Amino acid sequence: MVTGATGYIGGRLVPRLLDHGYGVRTLARNPDKLAKIPWCDDVEVVRGDLGDADSLAAAFDGADIVYYLVHSMGSSADFVAEEATSARNVVAAAHRADVRRLVYLSGLHPSGADLSPHLQSRTAVGEILLDSGIETIVLQAGIVIGSGSASFEMIRHLTDRLPAMTTPKWVHNKIQPIAIDDALHYLTEAATEPVPASRTWDIGGPDVLEYGDALQIYAEEAGLRRRLIVALPWLTPTIASLWIGLVTPIPTGLARPLIESLECDAVRAEHDIDTVIPPPANGLTGYRDAVAQALRHGPLPSDPAWAGPR
């Protein structure tokens, strides 16, 4: 069962699971959103809403593994409460259906940091799933690099449109991006790889860099001249999100939680996942190569959900 199949990650994970020979069922509030997707005829589509506990009973029946890839960032005024309710509903439905494993994609964050509401919510959902008593794998990723990812599209549009820009001080914070194909590798393998216990596992690409460096590398790969970036310590998330809403097609309601989540470093604290799910056979994709791959695809404003994990 893949929840969030109309979203950026879920919509790309489903064909990977099909290629591995799994039978896949997807959950959607509006199944019509999946009607024109190439893999739609190869999956079972069930109408349901994670916020509606009663709608999940039949949807989860017979499912062995449930992917939790839904979040309400940018679509709900109180996404923190809504996501906690959804997580509890999933746990209840999974128990009724005797689901064997839950797989959740959360966000990288430093231990003990004062987290943004977005990252607090992601962490809280992970804790609800981990406390469920069902075997749970929580993969924690930073910025996902791929055409259509909200985080990458923010980098793309800011750098394309602004030869000079003022930014909050977090432009100097450290990030560890991961290419979309690498994120999908870990998610796909998480379906069946044995794990010693339910826990969180950090995933990320090979490069750790400042957010400002990520903008400059994008500019180089896009054939643009070096950007002038001036960090202003007093630039608040509210002002920054309004500004991003003006210069990019990313809605302010989505931009703000993305920006707030950049207030702390997003770097792997451990590499324990390597003992459970080895990296892809060709190695993890570096940030520059991931950008180059994403640039081979144009921006995807019609993508059903630009909301990646960060």
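Residue indices begin at 1 and follow the sequence shown. Computed from heavy atoms alone, side chains included, the values below leave out hydrogens, waters and symmetry copies. This structure is a prediction, so every number in the text was calculated from the model and none was measured.
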Inset, instruction - Please report the closest heavy-atom contact between V276 and P194, naming both atoms and the distance. - result: CG1-O, 3.5 Å
Inset, instruction - Please identify each residue that fulfils side chain to side chain donor-acceptor pair (under 3.5 Å) with S121, with sequence neighbours left out. - result: E83
Legend entry - Nearest-0.5 Å distance that lies between atom CD1 in I145 and atom CD in E153: 10.0 Å
Inset, instruction - State, yes or no, whether a side-chain contact exists between L50 and Y68 at a heavy-atom distance under 4.5 Å. - result: yes
Inset, instruction - Evaluate side chain to side chain contact (heavy atoms under 4.5 Å, CB included) for V144 paired with S151, printing each intermediate quantity in order. - result: CA-CA 7 Å; V144 176; S151 299; 6.0 Å; no
Inset, instruction - Treat each ILVMFWY residue as a node, draw an edge where side-chain heavy atoms are under 4.5 Å apart, and state whether V267 and I273 are in one component. - result: no
Inset, instruction - Apply side chain to side chain contact (heavy atoms under 4.5 Å, CB included) to the pair W39 and T26, showing each step before the final yes or no. - result: CA-CA 11 Å; W39 45 256; T26 62; 4.2 Å; yes
Legend entry - Approximate separation, where rounding is to 0.5 Å, of M165 CE and L228 CG: 8.5 Å
Legend entry - V80 vs Q120 side-chain heavy atoms within contact, under 4.5 Å: no
Legend entry - Check: S132 main-chain N/O paired with H95 side-chain donor or acceptor under 3.5 Å: yes
Inset, instruction - Provide the full list of side-chain hydrogen bond (donor to acceptor under 3.5 Å, both in side chains) pairs with a residue in residues 202-211, sequence neighbours left out, each pair given once. - result: Q140-D202, H172-E210
Inset, instruction - Decide yes or no for R122 and Y104: does some side-chain heavy atom of the first lie under 4.5 Å from some side-chain heavy atom of the second? - result: yes
Inset, instruction - Of all the heavy-atom pairs spanning S86 and G51, show the shortest one and how long it is. - result: OG-N, 4.0 Å
Legend entry - For R268 against I203, the heavy-atom pair lying closest together: CD-C, 3.7 Å
Inset, instruction - Quick one: pull up OG1 in T200 and CD in E127 and give me the separation to the nearest 0.5 Å. - result: 9.5 Å
Inset, instruction - Begin from the C-alpha positions of D181 and R16 and carry the test salt bridge (Lys or Arg N to Asp or Glu O under 4.0 Å) through to its verdict. - result: CA-CA 10 Å; D181 284 346; R16 295 288 189 105; 3.0 Å; yes
Inset, instruction - May I ask you to decide whether D213 forms a salt bridge with K174, counting only side-chain N to carboxylate O separations under 4.0 Å? - result: no
Legend entry - Same apolar cluster (I L V M F W Y, side chains within < 4.5 Å links), V195/Y22: yes
Legend entry - CG/N30: more than 12 non-hydrogen atoms of other groups inside 6.0 Å: yes
Legend entry - Contacts of D61 that satisfy side chain to side chain donor-acceptor pair (under 3.5 Å) - sequence neighbours left out: none
Inset, instruction - Take L215 and R227, measure what side chain to side chain contact (heavy atoms under 4.5 Å, CB included) needs, and give me the verdict at the end. - result: CA-CA 8 Å; L215 298 175; R227 274 24 199 164; 5.9 Å; no
Legend entry - Within-4.5 Å side-chain heavy-atom neighbours: E193 and I277: yes
Inset, instruction - Examine distances only and state if a side-chain atom of D182 and a backbone atom of T285 form a donor-acceptor pair shorter than 3.5 Å. - result: yes
Inset, instruction - Return yes if some donor-acceptor pair links the side-chain N/O of R25 with the main-chain N/O of A59 below 3.5 Å, else return no. - result: yes
Legend entry - Side chain to side chain, L262 and I143, heavy atoms closer than 4.5 Å: yes
Inset, instruction - Mind checking the CG-CG spacing from L139 to L108? Nearest 0.5 Å is all I need. - result: 10.5 Å
Legend entry - Criterion side-chain hydrogen bond (donor to acceptor under 3.5 Å, both in side chains) against E221, the qualifying member of Q216, Q293, R288: R288
Legend entry - Shared hydrophobic cluster for V208 and Y287 (ILVMFWY, side-chain gaps under 4.5 Å): no
Inset, instruction - Assess whether side chain to side chain contact (heavy atoms under 4.5 Å, CB included) is satisfied between C40 and V45, documenting all intermediate values. - result: CA-CA 8 Å; C40 182; V45 180; 4.1 Å; yes
Legend entry - Side chains of I128 and V90 in contact at under 4.5 Å (non-hydrogen atoms): no
Legend entry - Minimum heavy-atom distance A214-I175, with the two atoms named: CB-CD1, 4.0 Å
Inset, instruction - For residues L13 and L17, determine if any side-chain heavy atom of one lies less than 4.5 Å from a side-chain heavy atom of the other. - result: yes
Inset, instruction - Determine the minimum heavy-atom distance between I134 and A94, stating which atoms define it. - result: CD1-CB, 3.5 Å
Legend entry - Between S147 and R156, a side-chain donor and acceptor under 3.5 Å: yes
Legend entry - Interatomic distance, T3 atom OG1 to D49 atom CG [nearest 0.5 angstrom]: 11.0 Å
Legend entry - Taking every non-hydrogen atom, the tightest pair across I9 and L184: O-CD2, 4.0 Å
Legend entry - Value rounded to 0.5 Å, distance of OG in S198 from CG in L129: 10.0 Å
Inset, instruction - Side-chain contact test, heavy atoms from C-beta onward, threshold under 4.5 Å: evaluate it for T159 versus E220 and give yes or no. - result: no
